[in-house]
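Computed from a prediction, not measured in an experiment: that's the story for all the values here.
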Amino acid sequence: MSRAVRVSTRNASFQQWQALLTNRTKRHRAGEFLVHGVRPISLAVDHGWEIRDLIYPDRQSLSSWARDILERSGARPVAMSPELVAELADKDAAELIAVVALPAAPPLPSSGDPHLLVVVFDRPSAPGNIGTLIRSADAFGAAAVVVTGHAADPYDPKSVRASTGSIFALPVIQADGPDEVLQWASRTGVQLVATDEHGAVEVADHDLTGPTALLIGNETTGLSTAWRSAADVLVRIPITGAASSLNAATAATVVLYEVSRQRSRG
């Protein structure tokens, strides 16, 4: 491990890292974001992401996990005053904080997989919902998550935290709008299945075993007109009780489970 850089004041480096917590423009200009938590950092290293810096509390003993991550990551070690580490961890206890490089834009999955599954999230406004959806997509075998339109940042700390590290294991693609994705769907032959509380078909009654792109709408306004008109089918999740609808990420999880259930039976 190389010699550690020490940070004991709110110097320029600290201020730059602090800005990554709340400023999307600065995250993308710097090409990096902050990550903390054992599982997310471990998955980032295991999946070969570029770890630029690893920040840890100065003059405190480190666990074997933290020492191993420092050795394996190739990152620059940064020993920081514990109170400043707590600020960067948003008051959570954090043994390590990783400064991770943003990835190059991944392509949409290639065709040929008869069980291809992609989740498209249209204009999500809450980063926590993006992270939750990424976690569910990873858990139920999706090949990628596509975030389209004017949306929250998948690399916002709230999204990264909600993904519990799945953001490092699953390609997350950002698209300006439907056009690119619709052209890809036409080339690959995937069916476009949209969720809608007024859908004509219950989700369990629709065949989800073939190549599928699952379309999830904005938390408040649902899918855009362009996505709704492009969908091959609108499916609904039957619900009871006082609830009028489900949270977008929750609805996606229900449909992803149904996809998994149908495919496991086949």
Problem set entry | Spatial distance of atom CD1 (I167) from atom OH (Y155) [nearest 0.5 Å] | 5.0 Å
Exercise. Does a donor on one side chain and an acceptor on the other come within less than 3.5 Å for T209 and Q262?
Worked result: no
Exercise. In Å and rounded to the nearest 0.5 Å, what is the CD to CG distance from E197 to L234?
Worked result: 11.5 Å
For this session: Keeping the roles fixed (side chain from R76, backbone from A4), state whether a donor-acceptor pair exists under 3.5 Å.
Result: no
Problem set entry | P77 and its side chain to side chain contact (heavy atoms under 4.5 Å, CB included) partner, picked from I55, L70, D53, V5 | L70
Problem set entry | Under the side chain to side chain contact (heavy atoms under 4.5 Å, CB included) test, residues paired with A44 that sit two or more places apart | W49, I51, F168
Problem set entry | Distance-only polar pair, side chains of E219 and N247, donor-acceptor under 3.5 Å | no
Problem set entry | Check: V119 and L133 side chains under 4.5 Å, non-hydrogen atoms | yes
Exercise. Quick one: which of L116, L117, T212 gives a side chain to side chain contact (heavy atoms under 4.5 Å, CB included) with V190?
Worked result: L116
For this session: Return yes if some donor-acceptor pair links the side-chain N/O of Q60 with the main-chain N/O of P82 below 3.5 Å, else return no.
Result: no
Exercise. When you measure from the side chain of S159 to the backbone N and O of P154, does any donor-acceptor pair fall under 3.5 Å?
Worked result: yes
Exercise. Applying the 4.5 Å side-chain criterion to the ILVMFWY set and letting contacts propagate, would V147 and L102 be lumped into a single cluster?
Worked result: yes
For this session: Working to the nearest 0.5 Å, report the span between CG of D196 and CZ of R236.
Result: 10.5 Å
For this session: Report the distance from atom OG of S61 to atom CD of E95, rounding to the nearest 0.5 Å.
Result: 8.0 Å
Could you pull out all donor-acceptor pairs under 3.5 Å where a side-chain atom in residues 178-186 meets a protein atom, sequence neighbours excluded?
from	atom 1	to	atom 2	distance (Å)
W184	NE1	P109	O	2.7

Exercise. Backbone N or O of E83 within a donor-acceptor pair of the S81 side chain at under 3.5 Å?
Worked result: no
Exercise. So, do K26 and Q18 sit near enough that their side-chain heavy atoms are less than 4.5 Å apart?
Worked result: no
For this session: Spell out, as yes or no, whether a donor-acceptor pair under 3.5 Å connects the side chain of S163 to the backbone of G165.
Result: yes
Seminar exercise, completed: Rounding to 0.5 Å, atoms CZ (R39) and CG (D46) come to a distance of 9.5 Å
For this session: Please confirm whether the backbone N or O of P124 pairs with a side-chain atom of N129, one donor and one acceptor, at under 3.5 Å?
Result: no
Exercise. Going only through I, L, V, M, F, W and Y residues with side-chain contacts under 4.5 Å, is there a path from F121 to V235?
Worked result: yes
Problem set entry | Donor-acceptor under 3.5 Å (R52 side chain, E32 main chain) | no
Problem set entry | Check: L214 main-chain N/O paired with Q191 side-chain donor or acceptor under 3.5 Å | no
Exercise. Do we see a donor-acceptor contact under 3.5 Å between the side chains of H28 and D153?
Worked result: yes
Exercise. Tell me, do F33 and D156 make a side-chain contact under 4.5 Å, heavy atoms counted?
Worked result: no
Problem set entry | Between T9 and N11, a side-chain donor and acceptor under 3.5 Å | no
Exercise. Can you hop from V35 to I134 via hydrophobic side chains spaced under 4.5 Å?
Worked result: yes
Exercise. Using a distance-only test with no angle check, is there a side-chain donor-acceptor pair under 3.5 angstrom linking N218 and T221?
Worked result: yes
Problem set entry | Single-linkage hydrophobic cluster, 4.5 Å side-chain cutoff, V118 and I216 together | no
Seminar exercise, completed: Residues D122 and S224: closest non-hydrogen pair is OD2-N, 2.9 Å
